[in-house]
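Notes to accompany the following structure.
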Protein chains: 2
Amino acid sequence: MALEHAILVSLTEQAATGYDLARRFDASIGYFWRASHQQIYKTLARMEADGWVSATIEPREGTADKKTYAITDAGREELTRFTAEPSPREALRSDFAVKLRGLADVTAIVEDTRRRRADHVERLDRYEASAKRHYPDPDAVEERERGAYLALRGGILSERMGIAWCDEILDQLETRSDR
Amino acid sequence: MALEHAILVSLTEQAATGYDLARRFDASIGYFWRASHQQIYKTLARMEADGWVSATIEPREGTADKKTYAITDAGREELTRFTAEPSPREALRSDFAVKLRGLADVTAIVEDTRRRRADHVERLDRYEASAKRHYPDPDAVEERERGAYLALRGGILSERMGIAWCDEILDQLETRSDR
DNA sequence: CCTTGCCATGCAACTAGTTGCATGGGTACG
DNA sequence: CGTACCCATGCAACTAGTTGCATGGCAAGG
């Protein structure tokens, strides 16, 4: 399970509440790991029990206490252990590819492909803007930012690939049905 | 859930036992959907209860009956319905990207990246061999094979992208630490 | 003052997927 | 004759992730 490790990475950069983490998972970290707030709270509780994070509690009246989590030494150790083990190949699961393979309704698939293409373009724009802003000179990325930079590059390459695939699909399915 | 739909697509091509399906999920369909035999048997049972597939039972002595599943009209309808609905963007979850982002141990990551690169190369070779064998002329792919062809193209593009990403990572992490 | 939206937490019920185990026949090789 | 490998099915226990719901403060704008 890597949600725990994604949280640890995020806490290494900056201590945070569950809510903060959920927002980070909607942004930067969310480029390669999605998580709902429910799952984050659940996981944080388990991680605290395991001693990987520690919480500073700020009591609030009338509502639940605010808990800010920080990574512990045990958490850092666990992160190192995790980094050392070979990462399993991602189980790729694509509803879209299943549909495409079935090709039950060309019109519906063309429509879906256009939607996906637009989504890829939108994300690519965001990633590229982020890259330009944070790392204007790719050859001069600071040591401690290199991981984040390379992860972002993965996002960029992945979106570009998605666009190229959509273009191939549209080319094959549109122009041919027009003829 | 698309495992059900992946099974339906597979059964559209050819009726099969759970065991057959498990092997298909280790090969062609497995390019974009993985499933263990346990999960396939469980899902087939549910699909039969839902009337999407029907089983022909061949009794065997001493061991469990052999069941060959075929898609039903209701199954075909469900597949059409599924194709018509927009496919959700895949939740991308990458242990590797999490590790990379953390960048806790450069040596370990370089090693892991090399392993991943080799895996991508191996898969790319397989996919390209498969493409060459089944679709020697991409412009002359038969109508009913177009979906499978385009899905395979997705696999090819995806592996190429993976290799390119690994190369970037290795370039940044290796040459720089050598200096 | 009321609504909208952000800050902040969490439970409960469910679905999907993984891991480990169990059974047993047939066929091919040494 | 043993062993290994393919064919074939499935249960049980567990882990991860989703969906829906509930609570409540505080600030800004109309």
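The sequence lines fix the lettering, A, B, ..., with proteins before strands; numbering per chain opens at 1.
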Calculate the interatomic distance between B:D26 atom CG and D:dC5 atom P; express it in whole Å.
16 Å
Please set out all donor-acceptor pairs under 3.5 angstrom arising from side-chain atoms of residues 127-136 of chain A, sequence neighbours excluded.
unit_1	atom_1	unit_2	atom_2	d
A:E128	OE2	A:R160	NH2	2.8

So if I take the C1' atoms of five pairs at each end of the helix from C:dC1-D:dG30 to C:dG30-D:dC1 and get each local axis, what angle do the two axes make, rounded to 10 degrees?
20°
Describe the nucleic acid contact of B:R34 in one word from base, sugar-phosphate, nothing, applying a heavy-atom distance below 4.0 Å.
nothing
From CD of A:E61 across to C1' of C:dA8 the rounded distance in Å is 15 Å
Could you pull out every donor-acceptor pair under 3.5 Å between side chains of residues 27-37 of chain B and any protein atom, sequence neighbours left out?
unit_1	atom_1	unit_2	atom_2	d
B:S36	OG	B:Q39	N	3.4

Mind jotting down which residue pairs meet the salt bridge (charged side-chain N to carboxylate O under 4.0 Å, His left out) criterion with at least one end in residues 47-73 of chain B? Sequence neighbours excluded, please.
B:D73-B:R76
A:Y69: what forms a ring-ring contact (aromatic ring centres under 6.0 Å, His included) with it, not counting sequence neighbours?
none
Among all residues two or more places apart in sequence or in another chain, which pass the side-chain contact (heavy atoms from CB on, under 4.5 Å) test with A:A45?
none
Taking ring-ring contact (aromatic ring centres under 6.0 Å, His included) as the test, write out the residues that go with A:F25, two or more places apart.
none
Please name all residues satisfying side-chain contact (heavy atoms from CB on, under 4.5 Å) with A:E142, sequence neighbours left out, ordered by chain then number.
A:R144, A:E145
Other than B:Y41, which residues form its hydrophobic cluster under the rule that side-chain heavy atoms must be closer than 4.5 Å?
B:Y19
Contacts of B:D112 that satisfy salt bridge (Lys or Arg N to Asp or Glu O under 4.0 Å) - sequence neighbours left out
B:K99, B:R115
Before accepting this row, confirm whether a basic side-chain N of the pair A:E78/A:R81 lies closer than 4.0 Å to the acidic partner's carboxylate O.
yes
What string of B, S and - do you get for nucleotides 9-17 of chain D, 5' to 3', when a contact is any protein heavy atom under 4.0 Å?
BBB----SB
Atom pair distance, as rounded to whole Å: CZ in A:R23 and C1' in C:dC6
9 Å
Using a heavy-atom distance cut-off of less than 4.0 Å, which residues of residues 49-57 of chain A contact DNA chain D?
none
Whole Å only: how far is the CZ atom of B:R89 from the P atom of D:dT18?
15 Å
Hey, are B:E159 and A:R89 close enough for a salt bridge, meaning a charged N less than 4.0 Å from a carboxylate O?
yes
